[in-house]
Amino acid sequence: MAGGSLFFSLAVRNLQMHWLRSLLAAIGIIIGVMAISSMGILGNAFSLSITNSLSSVGDSIVVTPHVGYQGGMSSVSTSERLSDRQIELIRRAATNSKVFPIYAGGDRIKVQRDTLYASIYGIDPKDLPTLLEIQKGQYLRGASGVMIGAKLAKDNNLTIGSRILIGEIESGVRVVGILKERGMGFDINPDNAIVTSDLWYRDFYETRGHDQAIIKAADIKDIEQIKSSIEKQLNKRETEVDVYDTRMILNSITETFGQITLFTMAIGGISLIVAGVSIFNVMMMSVMERYKEIGILRSIGTKRAEVRSMFIYEALILGLSGSAVGGIFSFAAGYLVVAVLMKDVSYLYNPASLIQIPYGMAFGIVTSMLSGLYPAWKASSLNPIDALRHE
Amino acid sequence: MTLPIMTDTGPVMEFSGVSKIYPLASGNVTALLDISLQVLPGEFIAIMGPSGSGKSTLLNMMGCLDVPSKGEVYIRGRSIRSLSDDQQTTLRRDELGFIFQQFNLIPLLNALENVRYPLILKNGMTASRERCQEVLAAVGLVPTLWYHRPTQLSGGQQQRVAIARALVNDPAILLCDEPTGNLDTKTGQAIMALLEQLCHDEGKTIIMVTHDPRTAEYADRVIQIEDGRIREEV
Ligand SMILES: Nc1ncnc2c1ncn2[C@@H]1O[C@H](COP(=O)(O)OP(=O)(O)OP(=O)(O)O)[C@@H](O)[C@H]1O
Ligand SMILES: [Mg+2]
């Protein structure tokens with residue numbers, strides 16, 4: 001086609017002549033691109049921060065008593081525990097992977113003059129070095145002393161040697177070790193907790209069974225095998241225990257966040273559709289106003305495809321300029337949103353976050369092109385005589 | 001886009017048994033009925049007749065903007081019915097020049113750009129500016145007006161630009177629909193003198209619709225039509 005840039009410059013001139021209208025259409029695209037990109041960035045930053053704060057150990061299986069199971073013959077029990085028989089069966093199912101039975105509860109504690117509520121774990125001292133890392137002090141030896149989570153220590157100015165009073169009877173214990181911060185976990189959450197020895201816990205709370213058992217798979221590949229073996233051993237007749245592995249939970253959480261991100265981006269997409277409609281509107285107005293001009297162009301030898309290209313250029317210019325500006329603004333908007341809502345802009349500079357900007361821009365360009373197609377086709381298919389007669 | 005070979009001997013335009021019928025819900029409108037005519041190279045023809053008699057319809061067909069319902073129209077030996085839309089468009093661009101009552105310049109372009117437009121369509125962006133200036137000078141538009149937009153020009157000046165635009169690709173045939181209809185008598189006479197000169201000095205074939213008898217006097221031949229039929233030829 002001769003003179004492609006002729007039609008480009010005609011498109012530019014027409015947009016300039018109706019600059020206000022063109023500007024409004026471009027602003028629509030800018031907002032749409034910004035909405036999509038910044039929603040994408042926010043969603044991505046959000047799921048990044050969640051996965052970062054999770055202690056992403058994907059090698060554990062957690063077994064808890066099934067809610068509603070009444071512990072066989074014993075009719076005294078009101079809450080569910082894992083019996084010694086069940087622990088034994090779990091150990092057998094785990095074969096050469098280690099099993100850690102755990103007591104877990106919560107109680108009122110008193111630190112100096114403050115009374116607060118904390119989780120309390122009872123764990124066999126010889127299991128502790130495998131399960132938890134230490135930050136300060138030492139691991140439990142025998143029944144005396146407790147270890148505390150990093151957050152509990154920090155928030156209450158507790159250190160090695162501090163005294164804590166536990167429960168109604170205010171039994172005093174002394175802090176011998178402070179644990180390393182671990183993040184949210186699906187097995188145990190020691191950051192805000194007190195860890196005692198299993199013996200102390202059992203005596204103090206007079207409990208009959210464990211609250212959960214953690215199995216650290218010797219090999220990740222064994223996880224499925226162990227899970228099904230536990231199900232077979234314990235849940236054959238009646239569901240006695242619930243079994244889940246931490247990787248599965250991690251996956252479903254990231255999946256959920258992916259869906260939330262998609263949803264918020266879809267909301268951004270709606271604003272882009274609105275922008276597309278406004279471009280469509282601008283282009284249709286441009287075609288209708290220029291009926292006569294199109295007739296002139298056709299009568300003096302402009303081909304259909306050439307008329308079409310002129311209008312497609314218009315849509316393309318609106319889309320490209322709107323998307324370019326939108327892309328730049330998206331970065332600013334993304335920065336603002338992440339800084340305000342997450343208080344940590346480093347999530348913005350992650351490639352998975354930044355890629356949302358070109359995504360948004362691509363959507364903007366495609367939307368403008370699609371909205372320009374029909375008006376362009378309409379313009380090119382006008383009958384020259386009818387168009388010429390139009391006033 | 002290549003066009004079928006044209007014949008340069010014989011008539012530049014030929015109508016044989018041409019009718020144009022517009023099918024409307026209220027009944028068919030016969031705009032042209034069984035028109036046969038020939039236009040020879042270098043002729044200056046005026047088409048006259050009352051309003052609604054079919055003059056513009058006839059001229060549109062000569063301009064390859066419309067196809068007949070019945071009969072055949074040949075432009076320089078080619079039946080326009082046999083041409084594709086793109087071929088018809090190329091024929092308008094390269095071999096026909098249009099001059100309208102409303103001037104019909106492109107409002108976005110200045111005078112020089114309007115003249116250059118068909119040349120760019122044909123030759124691309126390298127189309128010569130000198131050629132446009134030459135044609136503008138030939139139709140008598142002073143250089144100070146070359147960069148004015150159509151809205152900044154008088155009717156006579158706009159019509160000169162339109163004539164320059166029609167001439168720039170050096171077509172054999174000029175088609176004019178009431179070229180002086182929107183001009184005062186004096187300006188109209190100047191435009192007519194220009195057309196006459198193009199016909200006699202440059203050998204252009206000119207076909208002009210008018211209902212002003214004084215304008216028709218410039219023509220060698222007058223075709224009178226009424227109710228879509230040729231009434232008489234003078
Ligand atoms: N697109 C159309 N649809 C229906 N009828 C049409 C159409 N175009 C023209 N006509 C009819 O054809 C007839 C001839 O119209 P045409 O425009 O050729 O007249 P004209 O001689 O040029 O008139 P004027 O001097 O007023 O310009 C008229 O009766 C008109 O109503
Ligand atoms: Mg007419």
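Nothing here was measured: the structure is a model prediction, and the numbers come from that model. Chain letters run A, B, ... following the sequence lines, proteins first and then strands; every chain starts at 1.
Within 6.0 Å of atom CZ in Arg129(B), 12 or fewer heavy atoms from other residues, nucleotides or ligands are found, so the atom counts as exposed in its surroundings. Taking a 6.0 Å sphere around CZ of Phe363(A), one finds it holds 12 or fewer heavy atoms contributed by other residues, nucleotides or ligands. More than 12 heavy-atom neighbours from other residues, nucleotides or ligands sit within 6.0 angstrom of NZ on Lys292(A). Heavy-atom contacts from other residues, nucleotides or ligands closer than 6.0 Å to CZ of Arg21(A) number more than 12. Surrounding CZ of Phe329(A) are at most 12 heavy atoms belonging to other residues, nucleotides or ligands under 6.0 Å away. Enclosure of atom CZ in Phe263(A) is not indicated, since only 12 or fewer non-hydrogen atoms of other residues, nucleotides or ligands lie within 6.0 angstrom. Heavy atoms from other residues, nucleotides or ligands lying under 6.0 Å from NE2 of His211(B) number 12 at most.
Both the backbone and the side chain of Asn104(B) come within less than 4.5 Å of a heavy atom of chain A. Heavy atoms of Leu105(B) lying under 4.5 Å from chain A belong exclusively to its backbone. Heavy atoms of Arg165(B) lying under 4.5 Å from chain A belong exclusively to its side chain. Residue Asp85(B) touches chain A through its side chain alone, counting heavy-atom pairs closer than 4.5 Å.
Considering every non-hydrogen atom in both Leu121(B) and Ile300(A), the closest pair reads CD1-O, 4.0 Å. When all heavy atoms are compared, the tightest approach of Ile385(A) to Leu65(B) is CD1-O, 3.3 Å. Pairing each heavy atom of Glu293(A) with each of Pro107(B), the nearest pair is OE1-CG, 4.0 Å. Between Met125(B) and Ser5(A), the shortest heavy-atom contact is CG-OG, 2.9 Å. In terms of heavy-atom proximity, Phe98(B) sits nearest to Ser299(A) at CE1-O, 3.3 Å. Taking each heavy atom of Leu108(B) and Leu10(A) in turn, the nearest pair found is CD1-O, 3.8 Å.
Between atom CG of residue Leu297(A) and atom OG1 of residue Thr89(B) there is a gap of 11.5 Å, rounded to the nearest 0.5 Å. To the nearest 0.5 Å, atom NZ of residue Lys303(A) and atom CD of residue Gln87(B) are 9.5 Å apart. Atom CG of Leu109(B) sits about 7.5 Å away from atom OG of Ser9(A), to the nearest 0.5 Å. In this structure, the separation between CG on Asp177(B) and CG on Leu388(A) is 10.0 Å, given to the nearest 0.5 Å. Taking CZ from Arg298(A) and CD from Gln88(B), the interatomic distance works out to 9.0 Å, rounded to the nearest 0.5 Å.
Ion pairing between a basic and an acidic side chain is recognised when a charged N comes within 4.0 Å of a carboxylate O; Glu113(B) and Arg13(A) show such pairing.
Between the side chain of Arg304(A) and the backbone N or O of Asp86(B) there is no donor-acceptor pair closer than 3.5 Å.
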